[in-house]
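First up is the structure itself, then whatever we jot down about it.
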Amino acid sequence: MITPQRIAKRVRRLRREISETYADIDQPLVIVVILKGAAVFASDLLRALSIPAELEFVRASSYGSGTASSGKVKFAHMVEGPLTGRHVLLVEDIVDSGRTINEILKRLRRDRPASIRLAALLDRPARREVPVDIHFTGFVIPDRFVIGYGLDYAGLYRELPGIYSLG
Ligand code: IMP
Ligand code: MG
């Protein structure tokens, strides 16, 4: 569906937009990567960012091993320090129903960060159940399950360089 070349080009653009958005903040940006799917996107986004950034990780998932949302969100790992007064950029692979990101946002907002924004590689609006404000979007995709560039099916295919539709 999306070639490695198109991804690279889009990621470069997003990196510029992010660097511009946060150019004037007086502290390092906190990039919160949502594991595992966003790891590949986040590393490419972070590399050569022109502003100082710290890295944190959250592990949450609303999916079992299939292709349909369970509607439940589990947290297996949280950010290490409090995000109070920090500028936070959440990095997600795909926003589908919106439940996962909404739960994570609710949790992180409790710390009262100075700002919190979301970068999502993929947006699949067809299955949205709760509204989500995405500040930096890679690609809007049709209603198909996708794999590659960090996204998995049953834990596999994350290493594929492009994004592919699974049937
Ligand atoms: P949501 O909570 O329904 O928005 O689901 C978002 C999460 O489900 C993402 O963080 C992904 O890990 C996973 N997910 C949703 N759609 C896909 C897909 O097409 N391929 C791989 N993972 C997906
Ligand atoms: Mg995920």
Side-chain angles (χ1 to χ4, degrees), residues 1-11 14-15 17-18 29-47 53-80 83 88-111 113 116-167:
M1 263 169 74
I2 310 170
T3 63
Q5 291 75 15
R6 272 183 75 203
I7 297 172
K9 197 174 164 194
R10 190 75 193 111
V11 169
L14 290 175
R15 191 190 296 126
E17 281 176 28
I18 290 166
L29 174 68
V30 185
I31 294 181
V32 177
V33 184
I34 302 170
L35 295 173
K36 299 175 185 173
V40 177
F41 173 45
S43 346
D44 281 351
L45 204 55
L46 171 76
R47 208 183 330 259
E54 293 173 18
L55 204 49
E56 290 284 347
F57 298 93
V58 161
R59 172 91 177 105
S61 78
S62 67
Y63 269 61
S65 54
T67 57
S69 180
S70 70
K72 273 185 278 173
V73 174
K74 288 180 287 182
F75 288 95
H77 180 81
M78 251 296 148
V79 295
E80 280 170 5
L83 299 172
V88 175
L89 178 65
L90 265 173
V91 181
E92 176 61 306
D93 52 359
I94 180 166
V95 179
D96 187 32
S97 74
R99 290 183 184 283
T100 307
I101 202 67
N102 243 47
E103 288 304 310
I104 294 170
L105 280 167
K106 251 197 269 173
R107 243 334 232 278
L108 299 186
R109 279 194 179 116
R110 279 191 218 154
D111 282 359
I116 186 157
R117 291 188 177 86
L118 171 63
L121 173 69
L122 303 174
D123 177 11
R124 187 169 49 219
R127 290 199 241 170
R128 193 66 33 88
E129 291 169 29
V130 286
V132 178
D133 198 6
I134 307 175
H135 302 88
F136 307 99
T137 306
F139 304 91
V140 178
I141 60 160
D143 192 7
R144 296 214 204 103
F145 195 85
V146 290
I147 51 166
Y149 197 69
L151 290 110
D152 74 302
Y153 172 70
L156 296 174
Y157 311 116
R158 297 191 196 275
E159 75 283 3
L160 298 178
I163 291 164
Y164 308 84
S165 137
L166 200 76

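Whatever order the structure lists ligands and atoms in, that order sets their numbers, starting from 1.
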Contact partition for E129 relative to ligand 1, non-hydrogen atoms under 4.0 Å: neither

R15 (side chain) donor-acceptor with R47 (main chain) under 3.5 angstrom: yes

I101 and ligand 1 - part of the residue with a heavy-atom distance under 4.0 Å: neither

Geometric class of the F145/Y153 ring pair [parallel <30°, tilted 30-60°, perpendicular >60°]: perpendicular

Under 4.0 Å to a heavy atom of R99 - the qualifying atoms of ligand 1, by number: 2 (O), 4 (O)

N/O separation below 3.5 Å, R144 to ligand 1: no

Side-chain donor or acceptor of E80 paired with backbone N/O of E56 under 3.5 Å: no

Atom indices of ligand 1, in the order listed, that fall short of 4.0 Å to a heavy atom of V146: 18 (C), 19 (O), 20 (N), 21 (C)

Any side-chain heavy-atom pair of D93 and I34 under 4.5 Å: no

Backbone or side-chain N or O of F145 under 3.5 Å from ligand 1 N or O: no

Close side-chain approach of L166 and R144, heavy atoms under 4.5 Å: no

Per-residue contact class, E92 against ligand 1 - non-hydrogen pairs under 4.0 Å: side chain

R124 to ligand 1, any heavy atom closer than 4.0 Å: yes

Partner set under side-chain contact (heavy atoms from CB on, under 4.5 Å) for T137, not counting sequence neighbours: D123, I134, V140

Minimal non-hydrogen separation, F136 against E17, with atom names: CD2-OE1, 3.7 Å

Test item, G37 contacting ligand 1 (heavy atom, 4.0 angstrom): no

Atoms of ligand 1 close to S97 [distance to a heavy atom under 4.0 angstrom, numbered from 1]: 1 (P), 2 (O), 3 (O), 4 (O)

R59 side-chain N/O to A76 backbone N/O, donor-acceptor pair under 3.5 Å: no

Side chain, backbone, both or neither: the part of D96 lying under 4.0 Å from ligand 1 by heavy atom: both

Selection residues 154-167 - residue pairs positive for side-chain hydrogen bond (donor to acceptor under 3.5 Å, both in side chains), sequence neighbours left out: D152-R158

Test of proximity, I147 against ligand 1: N or O pairs below 3.5 Å: no

Heavy-atom proximity to atom 11 (C) of ligand 1, best of L121, T100, I94: I94

